Each structure stands twice: as structure tokens, then as C-alpha cells.
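Quick notes on the structure that follows.
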Amino acid sequence: MRFQKMISIKKYPAALLLLMFSLIYRVAPAMAQGGNTAYDFLDIPSSSYVFGMGGANISTLHSDLDLAAQNPALIGPENDRELKLGYMHYYSGGNFASVRYGMAAGERGAWAAGIRYLNYGNFKGYEADGSYTGDFTAQDVIFEGTYSHDFTYRLRGGINVKMVYSAYEQYSAFAMAADLGLNYYDDYHELSLGLVLKNMGGQLKRFEDRYDRVPFDVQLGLTKGFKEAFSFSITAWHLTKWKLPYYVHEEGGLIEQTDSGFFRNFFRHLVFGLDYSPSDRFYINLGYNYKSASDMAAYQRNFFSGFSIGAGFKVRAYSAGVAFAMPHKGGATLLLNLGLDITELLN
């Protein structure tokens with residue numbers, strides 16, 4: 001059982017839920033206004049478990065410290081003295097790395113701190129007239145601090161604060177954002193519900209004159225366990241905008257489009273995940289992300305576009321996880337996590 005102490009369930013949930021939904025009502029319309037965003041990389045998961053579940057999951061209870069980046073309410077005292085390392089080979093030459101450390105904060109709280117480094121490889125620079133200016137790199141660094149607290153036996157809340165530094169060629173920018181999350185868990189029915197207000201914040205230093213918006217999002221998640229070892233998850237994301245744009249090839253390059261079909265738009269907001277965990281020492285999972293599949297339509301997608309698969313195991317204090325996806329014919333993505341439970345190592 002994830003919570004270590006029973007508290008009166010009548011004290012906090014109603015007020016906390018009211019606060020969260022009032023924030024959605026007041027903040028979402030303003031932060032979902034137009035404007036460009038250069039921060040979509042914030043959606044790239046650092047957890048191989050989440051990547052295997054389709055790339056987004058805010059409700060699954062799993063012994064993974066990197067879930068803090070999905071929903072800060074998914075970590076707790078059970079993550080005491082854990083260290084997590086990650087490496088992702090992203091398509092088009094990207095190489096990403098991450099490190100995160102967590103500790104308990106009393107009987108009902110926990111905190112974590114981490115860094116994510118995203119390097120997109122080398123690029124060739126040209127002037128408008130076609131003259132070559134030399135090679136350059138593009139990279140982002142995300143500094144994160146997370147705190148979570150058990151409000152009741154079943155309800156946990158958390159906050160994740162992010163500082164983002166971006167450097168593209170000679171241009172640089174700085175932004176700050178925060179995630180607010182809730183998780184409700186009913187162990188009797190094996191039901192977990194998640195709610196996250198993600199990326200509330202903005203750009204403090206611009207690349208040039210143009211303001212780039214941080215991609216605020218409202219996400220809902222549901223995970224239901226069945227037949228002991230299996231669980232099924234649905235995550236609804238990008239809920240501040242109904243029609244999500246995608247790109248198609250036309251003469252002159254890529255053209256941004258939106259789809260008027262109800263079901264295509266509906267499923268672009270959903271990520272599905274299936275997990276098989278016969279014990280807390282081993283898992284296999286499978287995910288499907290229809291948005292990823294449809295986004296790859298302009299990049300020679302294949303049958304496997306949108307699907308992802310992952311697996312992981314734990315031996316004593318050491319754990320490892322790996323996830324794989326092939327968004328299009330010309331590229332595959334591999335994410336590897338290594339973990340160390342220092343508390344278990346010392347016992």
C-alpha cells in the first residue's frame with residue numbers, strides 16, 4: 001500500500017479538487033491562447049516505462065521515480081533514496097540524457113530533483129542567399145524540482161517546477177513552468193485516477209523579439225487493474241484545444257492542417273497503454289498513441305507508427321528498463337533507464 005498513514009478522508013479532497021478545477025477554469029483559456037511554442041520537447045518522456053505505454057501516462061502507480069515528470073503526485077515516500085539515470089536515442093540524430101534523485105519527506109511527503117539534457121545533433125547553417133555559414137548545435141536543458149504529499153489515504157497531490165534553458169546556434173532563451181497534479185487511488189477496486197495541469201508558466205528570456213509560448217496542457221488519466229497482473233490505462237491530453245494540427249507534404253514543403261472528422265480528432269487526444277506486471281520485479285508493456293501515428297503521415301509512417309513497447313526488471317537494489325518505438329520508416333527511438341534503490345542496497 002502506497003500510503004503509510006491513514007488520515008481522515010473528509011478534510012481535504014473537496015477543497016483541493018475545487019481548487020484544481022477553478023484553476024482549470026481560470027488559467028486554461030488564457031494560457032491556451034495563440035502564440036508560437038518552442039517547448040514541445042517538454043512532452044518527451046524520460047521514463048522508459050511511460051515511453052512503452054505510449055509516451056504519456058499520469059495515472060499508473062509504478063515504482064519509477066521518473067513518473068514525477070508525468071504527474072508529480074505519482075511519487076511518494078516509497079521512492080526514498082532512489083537514483084534514476086536515463087538515455088534516449090531519438091530519431092534524426094538526437095541524444096537525450098537524464099538523472100533524477102528522490103527522497104522521502106516525513107511519513108507522507110517526498111521530493112525529487114532532476115536534470116534532463118536534450119541534444120538534437122549537428123546542423124548546417126546557411127544564409128538566405130544559400131551561402132554556407134558553418135555547423136551548429138541545438139540543445140535544451142531542463143532543471144526540475146518535485147514535491148508530493150499524501151492528503152488522505154487515497155489522495156495525493158504534487159507540484160513539479162521546471163527551469164528550461166535553450167541554446168540554438170547563437171540564440172538562447174529561458175523559461176519557467178510548473179505542473180500541478182493529483183492522484184486518487186482505490187486499492188480495493190484497483191482503480192487510479194490522475195489530473196494534471198501541465199506547463200503553467202512562460203518564457204522569461206526570448207530567442208529574439210518573438211515570444212514563444214510554453215505549451216500549457218490539461219491532462220486526465222485512468223488506470224484499471226484486472227486479472228491480478230494486468231492493468232489498462234487511458235490518458236487524455238492536449239485538452240485545451242480540440243483540433244490538433246498536423247503536417248502534410250505538398251508542393252512548396254510541409255503544410256499545417258487540421259482534421260474536421262470527429263473521431264480522428266477524438267483519438268488524437270487519447271493514449272492507450274497495457275501493462276503486465278506479475279511482480280514488482282518485472283513488467284512488459286505496450287502502448288498506442290494515435291497522435292504520433294497521424295503526425296508521422298508526412299514522414300513515411302509505417303504499420304508500427306504510434307505503437308511502442310517496453311520491458312523492465314529489478315534485481316535487489318538495481319533496476320533497468322528499455323522501450324522502443326519506430327515512428328516512421330527512416331527512424332527508430334530507443335530509451336534506456338537504469339535505477340538504484342539506495343535504501344534497499346544498504347539493508
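A quick note: this is a predicted structure, and the numbers were derived from the prediction, not measured.
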Would you please indicate if the ring centroids of Phe151 and His149 are separated by under 6.0 Å?
-> yes
Hey, does Ser46 have a side-chain heavy atom less than 4.5 Å from the side chain of Arg100?
-> yes
For residues 158-180, the salt bridge (charged side-chain N to carboxylate O under 4.0 Å, His left out) pairs (sequence neighbours left out) are Lys162-Asp179
Side chains of Ser48 and Val322: closer than 4.5 Å at any heavy-atom pair?
-> no
Quick one: does Asn289's side chain have a donor or acceptor within less than 3.5 Å of a partner on Ser292's backbone?
-> yes
Sub-3.5 Å donor-acceptor pair from the side chain of Ser308 to the main-chain atoms of Gly52, do we have one?
-> yes
Expected output: side-chain Asn57 to main-chain Met53 donor-acceptor under 3.5 Å = no
Parallel, tilted or perpendicular: which describes the rings of Tyr120 and Phe96, with under 30° parallel and over 60° perpendicular?
-> perpendicular
Same hydrophobic cluster for Tyr87 and Ile115, using side-chain heavy-atom links shorter than 4.5 Å among ILVMFWY?
-> no
So, Tyr117 versus Gln139: side-chain donor-acceptor pair below 3.5 Å or not?
-> yes
Taking it one step at a time, do Tyr276 and Tyr283 satisfy side-chain contact (heavy atoms from CB on, under 4.5 Å)?
-> CA-CA 6 Å; Tyr276 172 67; Tyr283 74 85; over 6 Å; no
Could you give me the CA-CA distance, side-chain angles and deciding distance for Asn183 and Ile58, then say whether side-chain contact (heavy atoms from CB on, under 4.5 Å) is met?
-> CA-CA 8 Å; Asn183 177 251; Ile58 65 166; over 6 Å; no
Ion pair present between Glu78 and Arg156, side-chain N to carboxylate O less than 4.0 angstrom?
-> yes
Who pairs with Phe41 by ring pair (Phe, Tyr, Trp, His ring centres under 6.0 Å), at least two apart in sequence or on another chain?
-> Tyr39
Are side-chain heavy atoms of Met200 and Leu180 found at a separation under 4.5 Å?
-> yes
Results of side chain to side chain contact (heavy atoms under 4.5 Å, CB included) for Lys227 - residues two or more places apart only | Phe230
Using a 4.5 Å side-chain heavy-atom cut-off and chaining through intermediate ILVMFWY residues, the residues clustered with Phe313 come out as Phe282, Ile284, Val315
Only counting residues at least two apart or in another chain, list the ones meeting side-chain hydrogen bond (donor to acceptor under 3.5 Å, both in side chains) with Asp275.
-> Tyr49, Ser277
Check: Ser59 and Asn71 side chains under 4.5 Å, non-hydrogen atoms | no
Could you check Asn285, Thr223, Thr235 and say which one makes a side-chain hydrogen bond (donor to acceptor under 3.5 Å, both in side chains) with Thr60?
-> Thr223
Met176 side chain reached by Leu204 side chain, heavy atoms, under 4.5 Å | yes
Any side-chain heavy atom of Asp80 within less than 4.5 Å of one from Ile342?
-> no
So the salt bridge (charged side-chain N to carboxylate O under 4.0 Å, His left out) pairs with at least one residue in residues 216-226 (sequence neighbours excluded) are none
Evaluate the side-chain contact (heavy atoms from CB on, under 4.5 Å) criterion for residues His62 and Leu67: first the C-alpha distance (whole Å), next the side-chain angles of each, then the deciding distance (0.1 Å), finally the verdict.
-> CA-CA 8 Å; His62 185 76; Leu67 290 176; 4.0 Å; yes
Are any non-hydrogen side-chain atoms of Arg154 and Asp186 less than 4.5 angstrom apart?
-> yes
What pairs meet the ring-ring contact (aromatic ring centres under 6.0 Å, His included) rule with one or both residues in residues 127-148, with sequence neighbours excluded?
-> Phe123-Phe136, Tyr126-Tyr132
Verify the cluster assignment for Leu42 and Met88: are they in a single hydrophobic cluster under the rule of side-chain heavy atoms below 4.5 Å apart?
-> yes
Could you tell me whether Gln170 atom CD has more than 12 heavy atoms of other residues or ligands within 6.0 Å of it?
-> yes
Heavy-atom pair of closest approach, residues Ala293 and Ser305 = CB-O, 3.4 Å
Check whether the side chains of Arg81 and Thr343 place a donor and an acceptor atom closer than 3.5 Å, and report yes or no.
-> yes
Residues pairing under side-chain hydrogen bond (donor to acceptor under 3.5 Å, both in side chains) where one sits in residues 316-325, two or more places apart or in two chains, turn out to be none
On a heavy-atom basis, the closest approach of Ala73 and Gly181 is CB-O, 3.7 Å
Ring pair (Phe, Tyr, Trp, His ring centres under 6.0 Å) against Tyr168, all qualifying residues, sequence neighbours excluded | Phe207
Hydrophobic cluster partners of Leu244 (side-chain heavy atoms under 4.5 Å) | none
Evaluate ring pair (Phe, Tyr, Trp, His ring centres under 6.0 Å) for Phe272 paired with Tyr288, printing each intermediate quantity in order.
-> CA-CA 5 Å; Phe272 301 92; Tyr288 182 70; 7.2 Å; no
State, with a plain yes or no, whether a side-chain heavy atom of Ser192 is found less than 4.5 Å away from one of Tyr184.
-> no
Side chain His269, main chain Lys241, donor-acceptor under 3.5 Å = yes
Report whether Val271 and Leu193 are members of the same hydrophobic cluster (ILVMFWY, side-chain heavy atoms less than 4.5 Å apart, transitive linking).
-> no
Is Ile75 isolated, or which residues cluster with it under the ILVMFWY side-chain rule of less than 4.5 Å, directly or via members?
-> Leu65
Under a 4.5 Å side-chain heavy-atom rule over Ile, Leu, Val, Met, Phe, Trp and Tyr, are Trp237 and Phe267 clustered together?
-> no
Which pairs count as salt bridge (charged side-chain N to carboxylate O under 4.0 Å, His left out) when at least one residue sits in residues 43-64, sequence neighbours excluded?
-> Asp64-Lys84
Main-chain N/O of Leu335 paired to His89 side chain as donor or acceptor, under 3.5 Å | no
For Asp280, does its backbone N or O pair with a side-chain atom of Lys314 as donor and acceptor, under 3.5 Å?
-> no
